[in-house]
Amino acid sequence: MTKLDRIDPWRVALRLPGGGEARVYADDTLLAAMRRDRCLDQLARVAALPGLVGPAMAMPDAHQGYGFPIGGVAAFDPEDGGVVSPGGVGFDINCGVRLLATDVEAGPLGARGDGGPLADLAEAVLRRVPVGHGKRRTGVGRADLAGVLRDGAAWAVGRGLGEEADLARVESGGRLAGADLDAVSARARERGAGQVGTLGGGNHFIEVQRVERVLDEEAARRLGLAVDQVVVLLHTGSRGFGHQVCTDHVRELGRAAGRLGLRLPDRQLAAAPLGSPEARAYLGAMAAAANFAWANRQVITHRVREALAEVLGARARVVWDVAHNLAKMETHRVDGRVRRLCVHRKGATRAFGPGHPELPPELRDLGQPVLIPGSMGTASYVALGTETAMAETWGSVCHGAGRVRSRTAARKELSPDGVLRRLARAGVVVRGGSRRGLVEEAPEAYKDVDRVVAVVAGAGLARLVARLVPLAVVKG
DNA sequence: ATGTAC
């Protein structure tokens, strides 16, 4: 049996059957939402995996996922039997968010809503970026998938789809080393070829926003953000490619469990000891999928820039690009000792604190920018990682609002017309997107992002910089 | 999230 003990207004200890504890970052309202699905049971099972270092953690946006909760953070030590688990990364490997800052203000653009320049911009983006599920082909990367998988965002920049300066503003430079093309199935390659530069469906989006409020003047200035500025937030991942990589390796690790000496309480928690051939193969394929996703966000960035130039005569810089579905080998300090750990962040964002050597020199003293999108039609946040996050969460925070309704429940309880009406009343232009996607991604299907962000800020895991509000959204 | 079911 597990028991929840509140530590402070933002932290809860989940007491585990074996005597240890997992940690939940939540206020009472968010904790109540987590207790309505299997999220906390899943967290307890993650805590029982071999070689875990520190507590398994759930961020305030956490909800039930495949194996691990979405909003889960867990680190494992290769020298202590630690594992890597595809379920701790998720199906959409390196799903992530990129923020572009334009050089125009929203005010002078005049009327909001349908018929104005923002609708024109959304339509110009939609003409250039294929959206939705299925085999949407762009041709980009089809002849050079190997380059995409090895070099990520740098592949796209090398093809003229972006600027060299973009790469400094992407986590890990937009490229994870160690991509192993031999660990990628022919089927994954087939699904991925031609999907570079496509948005996908579900919660993926390209949103034109304005900086509504600056919460830290100095940090905002350093990031090139100011009140009323038009910005673009895009959210997508590795499409069918990453999905197939996850499927392939979950199956393989499930088969290999006995040989690897793992007793898995849940097939969805398939894992392999770090250093085993199976773990190396998964990490090699995962790196390839991570690079696919970064190439994808880079190509879409280029298309959005074209649309911005055409409709608004605007230019845009990359503020930052976060990955929120990855497992990475990182150096962390544990009880005063430096250790290499495999940090799983599934629906959780890396949030390195000030001074971290992996941050670009011009931002190093600030800490790593963190992007926290809300649900469709609600606010998003720009924040910075902190020393507290480094000390408590392996430098991690939440990744968004997080679901409160399953897709099925949302379809049952909400109507597409009602969702569209509410967005129109709020003056938000919506283009693309299926009627089904509209209800599944409705604000009512998600937690309150302001409440989620208040927890990570209150706990000191992040320092808030700016609040962004939507003007026009292109949905998958 | 996902050639929305191998």
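Here is the naming used below: chain letters follow the sequence lines, and residue numbers restart at 1 for every chain.
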Tell me the interatomic distance from [X], atom [atom1], to [N], atom [atom2], rounded to whole angstroms.
| X | N | atom1 | atom2 | answer |
| --- | --- | --- | --- | --- |
| A/Glu440 | B/dT4 | CD | C1' | 8 Å |
| A/Asn325 | B/dT2 | CG | P | 11 Å |
| A/Gln195 | B/dT4 | CD | C1' | 13 Å |
| A/Asp248 | B/dT2 | CG | P | 16 Å |
| A/His235 | B/dT2 | NE2 | P | 10 Å |
| A/Arg436 | B/dT4 | CZ | C1' | 5 Å |
| A/His249 | B/dT2 | NE2 | P | 19 Å |
| A/Asn296 | B/dT2 | CG | P | 10 Å |

Do A/Arg350's NZ or CZ and the ring of A/Phe352 fall within the cation-pi criteria of under 6.0 Å and 45°?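 Yes, a cation-pi geometry holds between A/Arg350 and A/Phe352.
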May I ask you to evaluate whether A/His133 reaches the phosphate of B/dT2, defined as a side-chain N or O under 4.0 Å from OP1 or OP2?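 Checking B/dT2 against A/His133, a side-chain N or O does come within under 4.0 Å of OP1 or OP2.
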Under 4.0 Å: is that the gap between some side-chain N or O of A/Arg407 and OP1 or OP2 of B/dT4?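 Result: no.
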Note: A/Arg169-A/Asp321 ion pair, threshold 4.0 Å (strictly below):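 No, A/Arg169 and A/Asp321 are not salt-bridged.
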Name the closest nucleotide to the A/Arg187 side chain, picking from B/dT2, B/dT4, B/dC6.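 Closest nucleotide among those given: B/dC6.
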When A/Tyr446 is tested against each of A/Arg405, A/Glu441, A/Met376, A/His63 for side-chain contact (heavy atoms from CB on, under 4.5 Å), which residue passes?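 The single option meeting the side-chain contact (heavy atoms from CB on, under 4.5 Å) with A/Tyr446 is A/Glu441.
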May I ask you to say what A/Glu190 touches in the nucleic acid, namely base, sugar-phosphate or nothing, with a heavy-atom cut-off under 4.0 Å?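 Nothing, no heavy atom under 4.0 Å.
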Would you mind classifying the nucleic acid contact of A/Gly201 as base, sugar-phosphate or nothing, using non-hydrogen atoms under 4.0 angstrom?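 If one applies the 4.0 Å heavy-atom cut-off, A/Gly201 turns out to touch the sugar-phosphate alone, with no base involved.
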Assess the side chains of A/Gln42 and A/Tyr66: does a donor N or O sit below 3.5 Å from an acceptor N or O?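 Side chains of A/Gln42 and A/Tyr66: no pair found under 3.5 Å.
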